[in-house]
Amino acid sequence: MRGRTERRAGEVTMARFCACLAAEPGRARDQLASMGLPVRDGAPALALIEDEPGYATGPFGAYGRTAVGEVPLHNRPVLFAALAAAGSPAPPDCPDGELLLRCWVRLGTAGILAAEGMFALAVREDDHLVLIRDQMGARTLFYARAGDCWAASTSLRALRRWPALGTGLDLAAVRSFLTFAYLPGEETLLRGVREVLPGRCLRLAADGSVKEEHYWEPAERLAADARDGEGRSGESYALRLRELLEEATAMRLPGAEAVGVLLSGGVDSSLVTALAAKLHSHPVHTYSISFGAELPNELGYSGLVAAHCGTRHRVLSVSGDAVAARLAEVAALLDSPVGDPLTVPNLMLAEAVAGDGLGVVLNGEGGDPVFGGPKNLPMLVNEMHRRQLPGGEAEDARETAYLRSYRKCFTDLPDLLTPGVLDALATAPAPQRFVTPYLRPAPRDGRMDHLLNQLLHCNLRTKGAHHILTKVERLTSSQSVQGRSPLFDRRVVDHAFATPPRWKLNGAVEKWVLKEAVRDLLPDTVVDRPKSGMRVPVQQWLGGPLRELAGDLLLGREARARGLFRQDTVRAWMRGEGALLPRQGGKLWLVLTLELWLRAYDIS
């Protein structure tokens, strides 16, 4: 385990990485230098970006290959054993990045698939640059081509600085963001810059060609008798899940130091807290958020779990004034905007964890997208009645219903975007394309046949990889803390898709198999409680401490000159008219988040 102890010893430098490839090596080094990055004469064009918070190391080499990467691994002994079995033992003090490189060179994608961790790796091989991203998307990697050269980086800001790219705003990505509240696939808001998708190896050739390999993708692998409604009991799936949860949590605990857990009081974060308390031999610190005693909260549940598990518990108060003061700072930390009102509170939690001297914090992220959280029921009901609904016979009716279920700005786009933007988007691919591969999968081995699994697959590959894990990584890294998510463990996910859907959604009980797996660890009042979610007082913030900021930003000269949004619609939303959600004001929040991000990246 790599934790704060090692960083104190100076073994890990907080940095991102960048790599370039061109037919002429000198040209690749010139492009890297044009971004202000150091490069050695005669060496491959691979470099660290030392002014950005991340876990990049390198360049390092093995077997004639050179690489840079952000590579915290959780199962080093397994990888050492695999290399030894292949006749290529690795040095016992081999750093994580070099160990993964050795696995790639000697074992290929099988070696990458065996790695449990959070990684992005760029490998220079002959006249190719190989980009590898972890299975779940816990690390992010971008790439672009300009001036007959490839550039790849874990920092979008670095690519923004690349003079040859000369990029601008991608309007299709703007529409995607307003639809999802994040960017759900390979798009970025910078035109011409793409994101490597999770579970992929991308081989970029110096001649400009690209070859992509899917080395892991979730697949529905149900036993034949389970498809007929027979087969193993639900309890047997819960028992196996419990084993996997314990292994996933144990391998993410830091070595000989305390650990933090972000504890909302829901089942997912509570079970991670209970497992950490059971398995860790050092103190467990838990952290919860309060938005004020006058607002609905889950502090009773989180306090109950903390007392039950014997953790050192802190409740962090987050005021609307603090959010207003720091929203721009948070927007600048993210490579792509995230329209989640919890971003500032998440940053403040990471600061609290770092302030307590901890280097690793666990979270309960992943329970809903993997095991069937509450947002799937409306889609299942919709599917039952789809053909009786207006537009229900349309070819993309399921995808459209899914986008509407997000309750973001998808249905408001004709009223929100200016006519010029709408005209420019008229021929652009529709955002339904991001969910079609999951909601209507093509025939192949392991495809998802059950609608619930299709929905979970979609949630995992869109919101999980491009919102949840991205947000966790960027905000915790900014405080030199590693955020780790046991419920996103690959083997846990594989087990979820090998579990019959009726044991995930058992009658009206959501995440049934997950709850049964940990029932003995938690009070029944926590396991059986209804899902309420974090009640973020967005509407109150926008009507109070954020009102002046939102008005200045969204109705000011810079926003008007950019010409994305109709001013009359924004004014109506600010007056509380129109399509605002009754509880959150989430749509106006998206527009504000996007405006702050565009300013942070200086995009006009």
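No side-chain heavy atom of L156 sits less than 4.5 Å from a side-chain heavy atom of E195. Side chains of L358 and Q479 form no contact here, defined as non-hydrogen atoms less than 4.5 Å apart. C458 places none of its side-chain heavy atoms less than 4.5 Å from the side chain of E399. Inter-residue side-chain proximity for L79 and N75 is flagged as met; some heavy-atom pair is nearer than 4.5 Å. Put simply, the side chain of L190 reaches to within 4.5 Å of the side chain of I603, judged on heavy atoms. Two residues are said to be in side-chain contact when any heavy atoms from C-beta on lie closer than 4.5 Å; K463 and Y406 meet this criterion. Proximity of L592 to L327: side-chain heavy atoms (C-beta onward) are separated by under 4.5 Å at one or more points. Side-chain contact between L37 and I49 is present, with at least one heavy-atom pair separated by less than 4.5 Å.
No donor-acceptor pair closer than 3.5 Å links the side chain of D134 to the backbone N or O of M118. Judged by distance alone, with hydrogens and angles left aside, the side-chain atoms of Q454 form a donor-acceptor pair with the main-chain N or O of M448 at under 3.5 Å. Counting only distance, with no hydrogens or angles, the side chain of S153 and the backbone of F17 share a donor-acceptor pair below 3.5 Å. Using a distance-only test at 3.5 Å, with no hydrogens or angles considered, no donor-acceptor pair links the side chain of R76 to the main chain of V78.
Classification of the F434-F180 ring pair by plane angle, with boundaries at 30° and 60°, yields perpendicular.
Using a cutoff of 4.0 Å between basic side-chain nitrogens and carboxylate oxygens, E186 and R200 are not scored as salt-bridged. Between R433 and E187 there is a salt bridge, with a side-chain nitrogen of the basic residue lying less than 4.0 Å from a carboxylate oxygen of the acidic one. Under 4.0 Å is where a charged nitrogen must lie from a carboxylate oxygen, and between D489 and R252 at least one such pair does. Salt bridge status for R27 with D148: absent, with no side-chain N to carboxylate O gap under 4.0 Å. Salt bridge R474/E70: absent, no basic N to carboxylate O contact under 4.0 Å. Looking at R484 and E116, no side-chain N of the basic residue comes within less than 4.0 Å of a carboxylate O on the acidic one, giving no salt bridge.
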For T436 and Q432: C-alpha separation, side-chain torsions, deciding distance, then whether side chain to side chain donor-acceptor pair (under 3.5 Å) applies. CA-CA 6 Å; T436 296; Q432 282 89 337; over 6 Å; no

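Under the 3.5 Å distance criterion, with hydrogens and angles disregarded, a donor-acceptor pair is assigned to the side chains of N459 and Y402. At a cut-off of 3.5 Å, with distance as the only test, a side-chain donor of D356 or Y287 sits close to an acceptor on the other residue.
With rounding to the nearest 0.5 Å, the separation of CD in E52 from CE in M14 is 11.0 Å. Annotation: the span from T188 atom OG1 to D335 atom CG amounts to 9.5 Å, rounded to 0.5 Å. Atom OG1 of T476 is separated from atom CD of E351 by 12.0 Å, given to the nearest 0.5 angstrom.
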Under 3.5 Å, side-chain donor or acceptor atoms of residues 104-113 against the rest of the protein: list the pairs with distances, not counting sequence neighbours.
{"from": "W104", "atom 1": "NE1", "to": "E125", "atom 2": "OE2", "distance (Å)": "2.7"}
{"from": "R106", "atom 1": "NE", "to": "S88", "atom 2": "OG", "distance (Å)": "3.0"}

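Heavy atoms only, all atoms of each residue included: M136 and A465 are closest at O-CB, 3.5 Å.
At least one test fails for R221 against the ring of F497: distance under 6.0 Å to the centre or angle within 45° of the axis.
Aromatic pair H457/Y438: ring centres closer than 6.0 Å.
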